[in-house]
Amino acid sequence: MTKKYDFKSIEKKWQTIWEQEKLFDTTIDKTKKKFFGLIEFPYPSGAGLHVGHPRSFTAMDIISRKRRMQGYNVLFPIGFDAFGLPTERYAIKAGIHPAVATKQNIENFTRQLKSMGFSFNWGGVINTTDPRYYKWTQWMFIQMFKAGLAYKGEETISWCPECKIGIANEELENGHCERCGSEVVKKKKSAWILKMQSYSDKLIEGLKSVDFPENIKKMQIDWIGKSTGSEIDFEIKDTNEKLKIFTTRPDTIFGATYMVISPEHPLIEKLSSKIKNLDAVKDYQSKASKKSDFERTQLQKNKTGVKIEGLVVINPFNKKEIPIYTSDYVLMGYGTGAIMAVPAHDDRDYEFAKKFNIPMIEVIAGGNINETAYTKDGPHINSEFLNGLNNEEAINKINTEIEKLGIGKQSVKYKMTDWVFTRQRYWGEPIPMVYCEKCGWVPLDEKDLPLTLPDVSDYMPTDEGLSPLAKATDWVNTTCPHCGGPAKRETDTMPTWAGSSWYYLRYMDPHNDKEFASKEALNYWGQVDWYEGGTEHVTRHLLYSRFWHKALYDMGLVPYDEPYKKRSVHGMILAENGEKMSKSKGNVVNPDTIVSQYGADTLRIYEMFIGPFDQAAAWSTNSMIGIYRFLNRVFDLTEKVKDIPMTQKDTQIIHQTIKDVSERIEEMKFNTAVSALMICSNYMGEKEAIPKTMMETFTKLLSPFAPHISDEMWEILGHNNRLAYENWPQYDEKALQTTSVNIVVSVNGKKRFETEIPTNLSEEETKEKILSLENVKEYIKGKNVKKVIVVPNKLVNLVI
RNA sequence: GCAGAUGUGGCGGAACAGGUAGACGCAAGGGACUUAAAAUCCCUCGGGCAUUCAAACGCCCGUGCCGGUUCGAUUCCGGCCAUCUGCACCA
C-alpha cells in the first residue's frame, strides 16, 4: 500500500502531539549542559508574520533541535515585543483599545508560529505589555534612577511634527522619521535620559569578549564613535572669555585661519554687546534653527555661515589674531560646539574657506592645497617648533606644550549620545516617577509597581506635545511617595526599546512574581549562547540591551557583564523582483499561504535553501516546488526500507552526510546542509532496498529541518518515541575513506583526463602509477618532462 | 564622501589553508507512462569549433574588467568598473 505524503494531516498530528506532551517546555536541569538560543522576539503587528521571520526562526530552531539531540538542556523561548506606535495607530483607527488589538495580534502570531513547528518553550511566553512583565521594566528604571543613570533633562530633541513624538537619533533615517517619513525638526523638551554615553568605553571594551561577526562589532564601534583629541582654550581678545574648542589635530594649530562656533553656542548671547553685526548673526541663528536635520545634511556640500564682526581670538602659540565665524556645519551637540578651522588640512574647512575667501596656511607638506585639502601624514612646515615632525610626533609635542601653558588637555569625545528615554505616547510603559514641588522627582515605592496605564478616551498626544496620559487627570494627580504631599505623575511613557532591553533575562524565569528572575535561573542559564537576528538592530536594540545589561551588572543584579555570547545575522528576504517586501508595493508573501499549499516543512527547508544565510535573498515560489518534491521523494523512501546491513558504500555516504550536515549547521551554511541531505536521498533513491539503519540516521539528520515529516517517518520506521530527544548521529572518520580515488592528470596546468587509483598512495607511488599510464606516455612522447607535481589523492600535473 | 560586503550558466547558488569550475535545486528541451492532462520517472542542458547517420571522444574560450605572482588562480596581490548595506558636516 502506497502511503502518500499528506503534509496537512502529518503536520497537524505532530503539532498536537508535541503540544499535548509539552515536548519543548523547559525547566532548569542541573544534570545537563545548558544551551540558550535566542531569536529577536517579534513585534505582533496586525499584518501577521512576514516570510522574513521564519528564516531567522527556522535557523535557530534547527540549532536548538540539534543541541537537544546532542544532550543539552535547551532554552529556546518566544515572546512578543508589543508596545509601540503601529498598534496604537491601528487602535485609534479601528476604535479599539491597543491592549485588545495587541491580544488579537498575539493570538494570530501564536497560531502562525505554531503552524511552523518551531520548538519554542511555549510554557514561558512573555509579552512586554503585560503588567506582570513591565512591572520589572519599571523596577529596573527605578534602580537606574537610584544609581544616577536616569535623569530628567531639558534636551534639544528631534521632533516629528506628524507623529507628535520625540525621536531618538537611532530612529532617524536621513533626518526623517523612520515611521512616517516626515521631516524632523528641533525642539526643546523635558525628557528622561539614560546615561548611556558613560558606558561608551565599556561597550567598546566588551566587544572583545564576545563572538560577534567582525562587521557587527565594527558597526557598533563606529556608532559609538570614540575619538581622542584635545581641548584648547583660545583667548577672546579684549574680553575675559575663552573659546574652548575640540580638535583631533592639535598639531595643525599654526594653520588655523578662522574659528567656527555653532549657531547655538552660548558665547553669542554672552558677548552680544561686542558683536558689531549682531543682526546678521541673529538672523543666521534663527534660520539655522528652522532647518530640519534633513536640510542640514542635504546642504552638506553648500556651506553657509556668518563672520562674527568684533570678536577675534588669539592663537596661543604665535599670538596671531584669528576671526570667528558661526556656521551650522559645527554641531552644538558634539565636542564643545566650536572648532579651530584649518582649511589646508580639513575637507570641510577647505570648502568653507574657499566659499568665504579665507586664507589658508599649509602646515603639512605633501599635498597640493590649491586643489584640495591634504589630510594625510607628512612633515610639518610653517609651524615653528613642530617643523619637520610627522603627524604623530607633532601631536604629542603640541599636547605637551598645551598642558605646559595650562590652556587645555587631551580629551575623548563620543558620537553616541545619551539615550532619550521618553515618548509622548500612550502605548508604552508608564514611567514610575512622581514630581513633587517639595521633593522634586521621586520614584514610586517598589511595592506600588506595576504602575499600570490608565484608561483614556483618546490616544492622541495633546497639541502641546504632551502624552495622552496627561489627559487622565485622576491618574496624574497623586501624592508624593516621599513626603505625602500633592504631586503629579510623569505622563511620558518609555520608548519601544525599553521592554526589549532585558527580555532574555525574563525568559529564564518567566513566571516569577518576586524578582525579574531568580538568582538560580540567572546563574544556570547565564549568557545567551547564541543570539540570531537582523542587521537593522545592531545599532539600536543590540546596543541598548548591552548597555542595559551592563548597568544591571554594575548594580550587582546579573552575574555576567555581557548578555550575548554569540551573535549571528541573517539577510533579508526580498520580493521576487529583488525589492523590499512592503504592504504598499503589494508584494508581501504570507507564510500562511505557503504552509497551506506546501506545508511548514517545505517552507522551512525552502527558506534554508534559498541562499547564503547572511545574505539577502529574493523569494521565489517557483523554486519552492523543488523542496516539496524532495520531501515527497524522501517520504516514499520509507517503502523501500528493509532490515539489511549497510554496504561499504552506504556507510561511506551516510557518514559523509552526517559530517556535512553537522558541520554546516554550526557554520549556518544551511543551503549546503540541505543539498547534502538531497545528495544522500538521491543516492538512497537509486537503491533497490534501503538499510533501515541508514534510513534512521537520515531521518535524524533531516529532523531539525523538517520536524513533522521526520517524526512521521520515525514512527513508520517502527519507533514510538520522539526524534527531538534522540541522539544526534556521530560520524566515523574511518568510514569516510574510500578504497579508490579519482586523480586528475593535467599537463602544464590544463586538465587532460582523470583516472582511478587506490586511495592514500604516497607521492612517489602516485607519480610512478601515473607515469606508467598509456595516456600519459602519449602526452609526453618526444617531450621533456621538467617537473611532476603530485597532490596526493587529488591531482598530478606534468610540466613539459 | 567614509566604511563594509558582493560580482560565477536562462535563474537561486556550489566549489576558496590555490589543485576536476558550475554540486544541489529551479526553469527549459526531449522521451516514458496516460485516451488525454496533471503528477511521477529517465535523458540533455555555459559558449564555440571540428568530426559523425547519431552519440561518445577531442580541441579552444569562459567565474565583472585590466594586469601580476604561480607548474596551476573563481580563490592570492595591484588597479579599475558595477551593485548592495551601514554611517553620514562628529572637527
Side-chain angles (χ1 to χ4, degrees), chain A residues 4 172 174-175 213-216 218-223 225-227 229-230 245-250 252 260 262 293 296-303 327-331 333-342 345-349 351-352 413-417 535-536 538-539 569 571-572 574 576 578 605-606 609-612 614-627 629-630 632-633 636 669 671-679 681-682 685 742-754 786-800:
Chain A
K4 208 180 148 286
L172 285 174
N174 270 331
E214 281 309 312
N215 60 325
I216 300 301
K218 202 178 168 314
M219 276 166 74
Q220 292 207 342
I221 290 168
D222 289 351
W223 184 266
K226 180 177 184 170
S227 65
S230 311
I245 61 103
F246 174 72
T247 179
T248 53
R249 296 296 305 279
T252 60
V260 186
S262 154
D293 275 4
R296 276 174 85 139
T297 33
Q298 285 303 294
L299 296 171
Q300 242 181 73
K301 290 284 155 199
N302 188 12
K303 299 217 167 11
S327 169
D328 60 6
Y329 86 88
V330 170
L331 310 170
Y334 183 79
T336 60
I339 62 159
M340 65 174 200
V342 185
H345 304 289
D346 180 279
D347 292 324
R348 294 151 302 184
D349 299 345
E351 204 189 315
F352 188 86
K413 302 288 177 201
Y414 304 92
K415 288 188 210 175
M416 186 179 75
T417 53
T535 350
E536 69 274 21
V538 167
T539 49
V569 289
M572 264 198 300
L574 306 170
E576 301 228 12
I605 297 189
Y606 173 64
F609 192 62
I610 195 167
D614 56 355
Q615 282 171 34
W619 183 265
S620 165
T621 304
N622 229 347
S623 302
M624 200 164 42
I625 192 84
I627 304 297
R629 288 183 192 145
F630 163 67
N632 270 287
R633 282 195 299 267
D636 291 343
K669 292 184 175 171
N671 52 338
T672 52
V674 172
S675 93
L677 289 167
M678 287 173 169
I679 290 167
S681 97
N682 289 346
N742 270 342
I743 290 276
V744 169
V745 180
S746 57
V747 179
N748 288 341
K750 279 209 163 113
K751 180 191 164 190
R752 290 298 147 178
F753 64 93
E754 50 190 271
K786 273 198 275 188
K787 210 165 152 194
V788 179
I789 290 152
V790 179
V791 183
N793 294 330
K794 266 203 175 132
L795 142 158
V796 173
N797 188 21
L798 307 165
V799 185
I800 58 177

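Keep in mind that what you see is a predicted model, and the values were worked out from it rather than measured. Naming: A, B, ... by sequence-line order, numbering from 1 per chain.
Among the nucleotides B:C71, B:G4, B:G13, the one closest to any side-chain atom of A:Lys787 is B:C71. Residue A:Asn797 places its side chain closer to B:G19 than to any other of B:A91, B:A3, B:G19.
Look at B:C26: its Watson-Crick or wobble partner, with both distances under 3.5 angstrom, is B:G10. Pairing for B:C16 is absent, judged as Watson-Crick or G-U wobble with the two contacts each under 3.5 Å. Across every strand in view, B:A21 sits unpaired, with no contact that passes the Watson-Crick or G-U test at under 3.5 angstrom. When both distances must be under 3.5 Å, the Watson-Crick or G-U wobble mate of B:U63 does not exist. Across all strands shown, B:A88 forms no Watson-Crick or G-U wobble pair with both distances under 3.5 Å. When Watson-Crick and G-U wobble pairs are counted only if both distances are under 3.5 Å, B:G58 pairs with B:C49. Nucleotide B:U74: unpaired (no Watson-Crick or G-U wobble partner with both distances less than 3.5 Å). Across all strands shown, nothing is found opposite B:A39 as a Watson-Crick or G-U wobble partner with both distances under 3.5 Å.
In this structure, A:Ile245 and A:Thr336 approach most closely via the heavy-atom pair CA-OG1, 3.3 Å. Scanning both residues, A:Ala341 and A:Val260, for their nearest heavy atoms gives CB-CG2, 4.3 Å. Closest approach of A:Val330 to A:Ser262, counting heavy atoms only: O-CB, 3.3 Å. Of all heavy-atom pairs spanning A:Ser227 and A:Phe246, the tightest one is O-CZ, 3.9 Å.
With C1' as the reference atom, B:A73 and B:G67 are 14 Å apart, rounded to whole Å. Using atom P as the reference point in both B:G7 and B:A17, the two lie 16 Å apart (nearest Å). For the C1' atoms, the distance linking B:G48 with B:G9 amounts to 15 Å, nearest Å. Nucleotides B:G22 and B:G78 place their C1' atoms 28 Å apart, quoted to the nearest Å. For B:C65 and B:C53, the C1' atoms lie 45 Å apart once the distance is rounded to whole Å. Rounded to whole Å, the separation between the P atoms of B:U52 and B:U44 comes to 24 Å. B:A55 and B:C43 have their C1' atoms separated by 13 Å, with the value rounded to a whole Å. The same atom, P, is picked in B:U74 and in B:A21; the two are 9 Å apart, to the nearest Å.
Using a 4.0 Å heavy-atom distance criterion, A:Lys751 is classed as a base contact. Within the nucleic acid shown, A:Val744 comes within 4.0 Å of at least one base atom, counting heavy atoms only. Nucleic acid contact class of A:Ile610 (heavy atoms, under 4.0 Å, all strands): sugar-phosphate only. A:Lys413 comes within 4.0 angstrom of nothing in the nucleic acid, heavy atoms only. Within the nucleic acid shown, A:Ser227 comes within 4.0 Å of sugar-phosphate atoms alone, with no base atom in reach, counting heavy atoms only.
At the phosphate of B:A91, OP1 or OP2 sits under 4.0 Å from a side-chain N or O atom of A:Tyr334.
The glycosidic torsion of B:G29 lies more than 90° away from 0, placing the base in the anti range.
The distance from atom CG of A:Leu798 to atom C1' of B:G19 is 14 Å, rounded to the nearest whole Å. Summarising the geometry, the separation between CG on A:Asn215 and P on B:A3 is reported as 15 Å, rounded to the nearest angstrom. Going from atom NZ of A:Lys794 over to atom P of B:G72 covers 19 Å, rounded to whole Å. Rounded to whole angstrom, the span from the CG atom of A:Leu574 across to the P atom of B:U83 amounts to 17 Å. One atom, CD of A:Gln615, and another, P of B:U83, lie 18 Å apart when rounded to the nearest Å. Atom CG in A:Asp614 sits roughly 13 Å away from atom C1' in B:C84 (whole-Å rounding). What separates CZ of A:Phe630 from C1' of B:U40 is a distance of 17 Å, to the nearest Å. Between A:Asp222 atom CG and B:C2 atom P there is a gap of 14 Å when expressed in whole angstrom units.
By the 4.5 Å heavy-atom criterion applied to side chains, A:Asp349 and A:Ile339 are counted as neighbours. Contact annotation: the side chain of A:Asp346 never approaches that of A:Arg249 to less than 4.5 Å [non-hydrogen atoms, C-beta and beyond].
Residues meeting the salt bridge (Lys or Arg N to Asp or Glu O under 4.0 Å) test with A:Asp347, sequence neighbours left out: none. A:Asp222 pairs by the side-chain hydrogen bond (donor to acceptor under 3.5 Å, both in side chains) definition with A:Lys218, not counting sequence neighbours.
Just one residue in the list A:Leu795, A:Val796, A:Asn797, A:Val791 forms a side-chain contact (heavy atoms from CB on, under 4.5 Å) with A:Val744, and that residue is A:Leu795.
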Spell out protein contact along nucleotides 23-30 of chain B as letters: B when the base is contacted, S when just the sugar-phosphate is, - when no protein heavy atom is under 4.0 Å; keep the 5' to 3' order. BBSSS---
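With RNA chain B read from its 5' end, the first of the two nearest nucleotides for A:Phe246 and A:Lys218 is the one closest to A:Lys218. The residue among A:Asp347 and A:Ile789 whose nearest nucleotide of RNA chain B is located toward the 5' end is A:Asp347.
Residue side chain A:Lys415 does not reach the base of B:C87 through any donor-acceptor N/O pair under 3.5 Å, judged by distance alone.
A donor-acceptor pair is defined here as one N or O able to donate and one able to accept, closer than 3.5 Å; such a pair exists between the side chain of A:Tyr606 and the backbone of A:Ser620.
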